[in-house]
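A, B, ... follow the sequence lines: proteins, then strands. Residue 1 opens every chain. Small disclaimer: the values here were computed from a predicted structure and weren't measured.
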Amino acid sequence: MQSMTEELKKQLDAVIREIATENEYKLPETFIVKLERPRQAGHGDWATNIAMQLAKPFGLNPRELAEKIIEKMPTGKVVEKIEVAGPGFMNFTLVSDWIAETIKMVTEKNENYGRVNQGEGRKIQVEFVSANPTGPLHMGHGRGAAVGDITASILDYAGWNVEREFYINDAGLQMELLGKSAQSRYFEAIGKTEEAPFPEDGYHGEYLIEIAGKFVEKYGTSLADKPLEDTLSIFSKETATIVLEMIKKDLSDFGVNFDVWFSEKSLYDNNCVEPAMTALKERDYAYEQDGALWFKSTLFGDDKDRVLIRQNGVPTYFTSDVAYLKNKYDRKFEKLIYVWGADHHGYVPRIKSVNKAFGYKDDALDVLLIQMVNLLRDGKPVQMSKRAGTIIMLREIVDEVGVDATRFFFVMRRCDSTLDFDLELAKKATSENPVFYVQYAHARICSIYRELEKNGIGIPDVTELDVASISEASEIALIKAISKFPEEIAKAAEEYAPHRIAYYATELAEAFHAFYNSQRILGTEENVMKSRILLMQAAKITLKNVLTVLGVSAPEKM
RNA sequence: GUGCCUGUAGCUCAGCUGGAUAGAGUAUUGCCCUCCGAAGGCAAAGGUCUGGGGUUCGAAUCCCCACAGGCACGCCA
């Protein structure tokens, strides 16, 4: 369909320019032909409102202009029929060749169907999750992980050279606190609880009790012989390493694999911080006052300037982020996506300011803010409290409802609206549950293949397709849904909107189920059957690819 | 107090870079398997797009003002 669509755009563009020149109408500089998918089935394959937009500059009424355009449009090769509708829409029906063309293309491209070249191989980084290595991932991280991972997949499909990166927040006070918590658990494990009291804001999770056990295994009681201060760094370092491994496991079990694990601490170890500060000073965006180093964020509309290096010489978290941002650009990324929890939204202007201060392009950096998740069970909220230690872990959800449902549910909604995640719904194997609905469509096709095989019928070659036998409304609707996939990828990539793909998956499955229920494959005339098998194969390929983008499995049987 | 997000069918949400009769799922009601997976399909019904102004040929969509809910406003990370 794409080639015909492009041709149609060219024809329209040429005709409109011709009309403008002939009549000395002034074409707006921003003029570009845009086609859209009409909502209504009766409104053809493509529609445009261009006549309405040009009516004013041309001094005509929209319908009149539309008629003028139609008069000059060549028909037969690409367009079968053009109609003027409503206030001045033009609805185009393509010649039916596009159906065969699409089925052929989908079949040939197979697992590459849906890929577009919007990114042109440019480097883009998606940084997400980026939790402190102080404990296993909880549910909130899960949404960020799913959104980040799937956004990255979409960008990959859209032709970008994508890197997934996890920023390990391993510099700063919380590492010490983690060490102290582990240390205390260690003393507890060897029966000397009083010698190392649990820190006030320590990490209460049970995983630290387990980790303490590992310290006992490795060191026996030897760590208790030295003063607490002397062993603290051992506890901090080794605990962080173990916890990071837990996080990595949580993520890989969730189908999320990072290309780069970037340590905040490494920014300091590799001397990335000072050059970044110097760069800011040189550009006159940083200054010293009261013994501290400040960033002039007020120049960018902030209420007050922000501290980079404290009076005591210790850099703030913000400093790391400044150095990190520069480091990202030094690695030649053309675009940077940050996926953050919405509770960090206040921080967005600040990082954008730094971006400007360094002189980078404003639109090279985008922050995706992920709103909160409300966990429900049978419609009722699941009580959670950080203090009481009843935080729900990502692993618990995955164990209960599975990776597929968890991933799908997490990207089902727009990022900027809060998400209700109902555990019971996610487990249901009915149409109430969109994951199953989509997977079922795929499994159903596989089942039909098995049935065909039993009857000694294989999958025909694409050349055996008989377009004339594809004419039922449900067939046309299905092939249309299939043909939309590349556009959906392009749109989702442009808007960083993974939920679009989840919606599209449902739409595609719906078109298939409707087709399946109204048309038979087995027992029809040979050319009809062959054509339907080929149509179904295109549907199967597309379903599989959509699910792959979402990181959800496409089962052959359920 | 300031800033950000949200407000669309009973419920959960798409649609938001302006376009045709505002769409899904679910719940409700009725139909469809001697037939490839009924884990499905078809149909009915369901709306003051929170409210009020404005912009224009046209507004759920853009602007302003209210109202309601959520989240942030550290030399914490």
Side-chain angles (χ1 to χ4, degrees), chain A residues 34 36 38-40 42-43 47-49 52-53 55-56 61-62 85-89 91 131-132 134 169 171-175 177 201 264 290-294 301-304 306-321 341-349 369-372 374 376 379 412-420 422 425 428-434 436-437 439-441 443-452 454-455 457 474 494-495 499-500 502-503 506-507 509-510 512-524 529 532 536 557-558:
Chain A
K34 273 192 189 155
E36 54 189 42
R39 256 197 296 249
Q40 298 269 321
H43 289 164
T48 183
N49 60 3
M52 279 138 81
Q53 284 175 354
K56 210 169 195 178
N61 84 50
F89 289 98
N91 296 328
N132 297 324
T134 54
N169 294 143
L173 287 172
Q174 80 278 10
M175 286 296 98
L177 190 60
D201 302 314
E264 179 186 358
D290 305 331
L293 184 69
W294 298 76
D302 204 346
D303 308 333
K304 52 177 278 197
R306 302 290 166 176
V307 170
L308 290 159
I309 313 284
R310 291 174 203 136
Q311 273 180 330
N312 62 9
V314 179
T316 62
Y317 179 80
F318 181 44
T319 304
S320 303
D321 255 16
D343 51 346
H344 287 73
H345 73 262
Y347 203 71
V348 175
L369 290 173
I370 314 290
Q371 291 291 337
M372 293 196 341
N374 302 314
L376 308 175
M412 221 164 41
R413 303 285 177 237
R414 237 162 78 227
C415 297
D416 44 17
S417 68
T418 54
L419 170 76
D420 284 349
D422 194 311
L425 175 59
K428 275 188 192 163
T430 64
S431 65
E432 283 174 75
N433 184 340
F436 280 83
Y437 185 79
Q439 288 181 318
Y440 177 51
R444 216 175 197 184
I445 296 173
C446 294
S447 166
I448 299 167
Y449 281 0
R450 287 191 292 272
E451 199 59 34
L452 289 165
K454 269 189 225 161
N455 290 276
I457 303 164
S474 67
E494 223 168 294
E495 299 167 20
H499 75 280
R500 290 193 77 115
Y503 270 90
T506 312
E507 202 182 307
E510 193 177 7
F512 171 74
H513 287 307
F515 157 76
Y516 172 86
N517 270 277
S518 66
Q519 309 302 331
R520 286 196 58 78
I521 290 108
L522 267 169
T524 53
M529 181 179 71
R532 287 187 182 156
M536 223 167 50
K557 275 185 191 171
M558 294 173 75

* With both distances under 3.5 Å as the test, what is the Watson-Crick or G-U wobble partner of B:U48? -> none

* Rounding to the closest angstrom, what is the interatomic distance between B:C11 and B:U50 at atom P? -> 13 Å

* For A:Asn433 and B:U26, give me the distance from atom CG to atom C1', rounded to whole Å. => 12 Å

* Please report, rounded to the nearest Å, how far the P atom of B:G23 is from the CZ atom of A:Arg500. => 17 Å

* Donor-acceptor under 3.5 Å (A:Asn312 side chain, A:Val314 main chain) -> yes

* Structure fact -> In Watson-Crick or G-U wobble terms, with both distances under 3.5 Å, the base opposite B:U17 is none

* Just call it for A:Ala171: base, sugar-phosphate, or nothing, with non-hydrogen atoms closer than 4.0 Å on any strand. => sugar-phosphate

* To do: Select base, sugar-phosphate, or nothing to describe what A:Glu495 touches, counting heavy atoms under 4.0 Å on all strands.
  => base

* Watson-Crick or G-U counterpart of B:U61, or none if no pair lies under 3.5 Å -> none

* How many Å lie between CZ on A:Arg520 and P on B:C36, as a whole number? -> 6 Å

* To do: For A:Asn91, report the nucleic acid contact type (base, sugar-phosphate, nothing); a contact means any heavy atom under 4.0 Å.
  => base

* Structure fact -> Per the glycosidic torsion and the 90° limit around 0, nucleotide B:C49 is anti

* Asked: A:Glu507 CD to B:C13 C1': how many Å, rounded?
  -> 15 Å

* Asked: Taking the same atom, C1', in B:U17 and in B:U21, what whole-Å distance lies between them?
  -> 24 Å

* Determine yes or no for a side-chain-to-main-chain donor-acceptor pair under 3.5 angstrom, with A:Asn49 supplying the side chain and A:Met52 the backbone. => no

* To do: Between B:C76 and B:C16, how far apart are the P atoms? Round to whole Å, please.
  => 42 Å

* To do: Mind telling me whether A:Tyr347 and A:Phe318 have parallel, tilted or perpendicular rings, with 30° and 60° as the class edges?
  => perpendicular

* Drop me the distance from A:Asn455's CG to A:Ile521's CD1, to the nearest 0.5 angstrom. => 12.0 Å

* Which is true for A:Phe318 with a 4.0 Å heavy-atom rule: it touches a base, it touches only sugar-phosphate, or it touches nothing? -> nothing

* Asked: To the nearest 0.5 Å, what is the distance between OG1 (A:Thr524) and CZ (A:Arg532)?
  -> 5.5 Å

* **Base partner of B:C36, which must satisfy Watson-Crick or wobble distances under 3.5 Å** => none

* Mind checking who B:A72 pairs with, Watson-Crick or G-U wobble, both distances under 3.5 Å? -> B:U2

* Which of the following nucleotides, B:A77, B:G40, B:C75, is nearest to the side chain of A:Trp294? -> B:C75

* **Rounded distance (Å) that lies between atom P of B:C71 and atom CG of A:Leu419** => 15 Å

* **Integer-rounded Å distance: B:A27 P and A:Leu425 CG** => 10 Å

* Asked: Given B:A77, is OP1 or OP2 found less than 4.0 Å from the side-chain N or O atoms of A:Arg310?
  -> yes

* Quick one: on RNA chain B, does A:Met372 or A:Pro87 contact a more 5' nucleotide (nearest heavy atom)? -> A:Pro87

* Is there a donor N/O on one and an acceptor N/O on the other, under 3.5 Å, for the side chain of A:Arg413 and the base of B:C13? -> no

* Indicate, with a heavy-atom threshold strictly under 4.0 Å, whether A:Glu510 touches base, sugar-phosphate, or nothing. => sugar-phosphate

* To do: Tell me which of A:Leu452 and A:Pro315 sits closer to the 5' end of RNA chain B, going by the nucleotide each one is nearest to.
  => A:Leu452

* To do: Sugar-phosphate means primed atoms, P, OP1 and OP2; the rest is base. With that split, encode nucleotides 5-11 of chain B 5' to 3' as B, S or - using protein heavy atoms under 4.0 Å.
  => SS-----

* Rounded to whole angstrom, note down the C1' distance from B:G52 over to B:C57. => 24 Å

* Between B:G41 atom P and A:Phe512 atom CZ, what is the distance in whole Å? -> 11 Å

* Structure fact -> B:A27 -> Watson-Crick or G-U wobble partner, both distances under 3.5 Å, gives none

* For B:C13, take OP1 and OP2 only and decide whether either is under 4.0 Å from a side-chain N or O of A:His499. => no

* Whole-Å C1' distance, B:U29 and B:C13 -> 23 Å

* Using the C1' atom as the reference point in each nucleotide, state the distance between B:A9 and B:G15 in Å, no decimals. => 14 Å

* To do: Using a cut-off of strictly less than 4.0 Å, decide whether A:Arg532 has a side-chain nitrogen or oxygen near OP1 or OP2 of B:C36.
  => no

* To do: Between B:G74 and B:U56, how far apart are the C1' atoms? Round to whole Å, please.
  => 47 Å

* To do: Name the nucleic acid region contacted by A:Ala47, choosing base, sugar-phosphate or nothing; use a 4.0 angstrom heavy-atom cut-off, strictly under.
  => base

* Between A:Gln174 (side chain) and A:Asn169 (backbone), is there a donor-acceptor pair under 3.5 Å? -> yes

* Once you apply the 3.5 Å cut-off to both distances, tell me the Watson-Crick or G-U wobble partner of B:A22, or none. => none

* Between B:U28 and B:G70, how far apart are the C1' atoms? Round to whole Å, please. => 32 Å

* Asked: Can a side chain N or O of A:Lys56 be found less than 4.0 Å away from OP1 or OP2 on B:C57?
  -> yes

* How many angstroms lie between atom CG of A:Asp422 and atom CG of A:Asn374, to the nearest 0.5 angstrom? -> 11.0 Å

* In terms of side-chain heavy atoms of A:Leu522, which of B:G40, B:A77, B:C36 is nearest? -> B:C36

* Does a side-chain N or O from A:Arg39 land closer than 4.0 Å to OP1 or OP2 of B:A20, or not? -> yes

* Asked: Applying a 3.5 Å limit to both distances, which nucleotide forms a Watson-Crick or G-U wobble pair with B:U56?
  -> none

* Could you tell me whether a side-chain N or O of A:Gln371 sits under 3.5 Å from a main-chain N or O of A:Leu419, the two making a donor and an acceptor? => no

* To do: Go through the steps to decide whether A:Leu177 and A:Thr134 satisfy the test side chain to side chain contact (heavy atoms under 4.5 Å, CB included), and finish with yes or no.
  => CA-CA 9 Å; A:Leu177 190 60; A:Thr134 54; over 6 Å; no

* With no hydrogens and no angle check, is any side-chain donor or acceptor of A:Asn433 less than 3.5 Å from a backbone partner on A:Leu425? -> yes

* Is a donor-acceptor contact shorter than 3.5 angstrom present between the side chain of A:Asn517 and the base of B:A38? -> no

Taking only nitrogen or oxygen atoms into account, show me every contact under 3.5 Å that the protein makes with nucleotides 72-74 of chain B, one pair per line with its distance.
none

* Contact class for A:Ala85 vs. all strands (heavy atom < 4.0 Å): base, sugar-phosphate, or nothing? -> base

* Interatomic distance, A:Ile370 CD1 vs B:C4 C1' [rounded to whole Å] -> 15 Å

* Taking A:Ser474 for its side chain and A:Ala514 for its backbone only, find out whether a donor-acceptor pair lies under 3.5 Å. => no

* To do: May I ask you to decide if A:Glu510's main-chain N or O and A:His513's side chain share a donor-acceptor pair within less than 3.5 Å?
  => no

* So, does A:Thr418 use its side chain to make a donor-acceptor pair with the main chain of A:Met372 at under 3.5 Å? -> no

* Asked: Using a cut-off of 4.0 Å on non-hydrogen atoms, how would the nucleic acid contact of A:Lys557 be classed: base, sugar-phosphate, or nothing?
  -> base

* Are OP1 or OP2 of B:C42 and a side-chain N or O of A:Tyr516 less than 4.0 angstrom apart? -> no

* Give one of base, sugar-phosphate or nothing for A:Asp420, where a contact means two heavy atoms less than 4.0 Å apart. => sugar-phosphate

* **Ring geometry between A:Phe512 and A:Phe515 (parallel below 30°, tilted from 30 to 60°, perpendicular above 60°)** => tilted

